[in-house]
Q: 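Could you have a look at this structure, given as structure tokens, before my questions?
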Amino acid sequence: MRILLAVDTDRNIGHLTSRLTKILNLFDEDLFYIDILHIYKKPQADAPHLPNIMQEIWEDEEKVKISFLKNCQTKIEKLLTKQLHKSALVNSYLLKGIFFSEFKKHLKNHKYELIVLLPGKKDNLQLLLMGRNINKLIAKVDTPILILPKEKSFKHKSSCFIGMLENIKKDHSYFKKVKAIKKLKKESIKYLHIGKSPDKDLENLEIASYADKTKGFELYHGNRRQNHIYIMNHKPRKGMEKWLKSSFTRNLLTKNDTLLMII
């Protein structure tokens, strides 16, 4: 399974890798190829008439970024070796330029089944997704995107993906076509529909019978006995902006312990 891990800092990388390994262990895969990606802007300076100084500034910045990425790769490789009950090969890419443009170019030349994004220390999920780069990325990229918060550790011992189904049969049919979801262990994914529906034909489907979708989710999330990674599909019915502004989405994103995969 090929995974792209986009990083902006090596802070808390140990905690992040620990949580990532728990998630990767939910997949029915024995080998993971993990690419670490860091994109940065070329430093600017008010010395265009001194090309030698400018060149030194660029080279020094590149050395700093190379050291940073090397440190990330070493930490991630070490922790994956310790905690992942499978094999993983880790590689890294350092790119200069505008984030979204370089990200798109990279995806043209490399195929992934999952992209992992790490919010900044002060960013909750809502702030992260309202950011221009991430907003565009989710709207334009078809690869599933897993958002892994930096600060909160897993509360429970076991974890599970929860596929959020609005239109039960239609959404379930779409979920089953996604490669990353197809590779999950059978016991590692459940489906949830919030609302009144008699449809219980699907395996592993839970019905939370609440007229108020937001309240239903709050109760379901609060009573969970596993760490939940909620899978949400924003594309078929509404654009990214409408999806983000819905009261249900805002409620889900503002919870500090929410893990989210967007397809």
Side-chain angles (χ1 to χ4, degrees), residues 1-13 16 20 23 33-45 54 57-58 61-73 76 90-151 178-180 229-246 249-250 252-254 258-263:
M1 184 173 183
R2 294 191 175 273
I3 298 170
L4 180 64
L5 177 60
V7 299
D8 62 350
T9 175
D10 57 356
R11 278 187 176 183
N12 298 324
I13 204 77
L16 290 166
L20 181 60
I23 292 173
Y33 294 91
I34 299 176
D35 286 351
I36 306 169
L37 176 67
H38 180 65
I39 301 169
Y40 74 101
K41 283 186 179 180
K42 203 173 183 180
Q44 301 296 316
M54 293 293 291
I57 291 172
W58 293 333
E61 179 68 9
E62 191 165 23
K63 286 176 185 175
V64 169
K65 294 297 183 181
I66 288 171
S67 177
F68 149 73
L69 202 53
K70 184 179 178 182
N71 184 44
C72 282
Q73 183 169 337
I76 289 172
V90 183
N91 197 7
S92 57
Y93 292 88
L94 180 64
L95 304 179
K96 284 179 280 189
I98 298 170
F99 178 85
F100 183 67
S101 299
E102 294 304 318
F103 209 114
K104 272 207 314 182
K105 286 180 193 173
H106 185 80
L107 291 181
K108 279 186 180 179
N109 299 318
H110 303 82
K111 299 297 181 185
Y112 298 101
E113 291 156 272
L114 183 64
I115 295 170
V116 181
L117 298 179
L118 311 175
K121 185 177 181 180
K122 295 180 181 179
D123 293 346
N124 62 27
L125 290 176
Q126 187 176 22
L127 287 174
L128 177 81
L129 291 177
M130 292 302 287
R132 190 176 174 187
N133 284 327
I134 305 304
N135 192 314
K136 284 164 65 178
L137 188 66
I138 292 171
K140 301 288 184 182
V141 174
D142 290 330
T143 308
I145 296 176
L146 172 68
I147 302 171
L148 195 61
K150 284 184 176 173
E151 293 301 300
V178 177
K179 283 185 180 179
I229 306 107
Y230 296 102
I231 308 173
M232 297 191 72
N233 175 24
H234 75 283
K235 292 177 183 177
R237 288 171 298 278
K238 56 196 78 174
M240 184 69 184
E241 189 175 344
K242 286 183 180 178
W243 181 76
L244 281 172
K245 286 182 178 178
S246 77
T249 303
R250 287 202 308 270
L252 186 147
L253 297 180
T254 51
T258 300
L259 291 166
L260 186 65
M261 187 164 89
I262 302 172
I263 60 173

Q: Quick one: list whatever passes side chain to side chain donor-acceptor pair (under 3.5 Å) with Y33, sequence neighbours left out.
A: none
Q: Is the closest side-chain heavy-atom distance between I34 and N91 below 4.5 Å?
A: no
Q: Is any side-chain heavy atom of Y112 less than 4.5 Å from a side-chain heavy atom of L107?
A: yes
Q: To the nearest 0.5 angstrom, please state how far the NZ atom of K104 sits from the CD1 atom of I98.
A: 11.5 Å
Q: Taking E113 for the side chain and K179 for the main chain, is one N or O donor matched with an acceptor at less than 3.5 Å?
A: no
Q: Considering only heavy atoms from C-beta outward, does the side chain of L69 approach that of Y93 to under 4.5 Å?
A: no
Q: Quick one, L146 with I115, criterion side-chain contact (heavy atoms from CB on, under 4.5 Å). Give me CA distance, side-chain angles, the key distance, then yes/no.
A: CA-CA 6 Å; L146 172 68; I115 295 170; over 6 Å; no
Q: Hey, does I147 have a side-chain heavy atom less than 4.5 Å from the side chain of L259?
A: no
Q: With sequence neighbours left out, what residues match K65 under side chain to side chain contact (heavy atoms under 4.5 Å, CB included)?
A: H38, Y40, E61, L94
Q: So do M232 and L260 actually touch side chain to side chain, heavy atoms under 4.5 Å?
A: yes
Q: Please give me the minimum heavy-atom distance between L117 and A6, naming the atom from each residue.
A: CD2-CB, 3.8 Å
Q: Please lay out, stage by stage, how V116 and L4 fare under the test side-chain contact (heavy atoms from CB on, under 4.5 Å).
A: CA-CA 6 Å; V116 181; L4 180 64; over 6 Å; no
Q: Working to the nearest 0.5 angstrom, can you tell me the gap between D35 CG and R2 CZ?
A: 7.5 Å
Q: By side chain to side chain contact (heavy atoms under 4.5 Å, CB included), which residues pair with L95, not counting sequence neighbours?
A: L37, I39, E102, H106
Q: Where do L114 and T143 come nearest, in terms of heavy atoms and distance?
A: N-CG2, 3.7 Å
Q: With side chains defined as the heavy atoms from C-beta onward, is the minimum distance between K96 and E62 less than 4.5 Å?
A: yes
Q: How far does CG of L20 sit from CG of L5, to the nearest 0.5 angstrom?
A: 6.5 Å
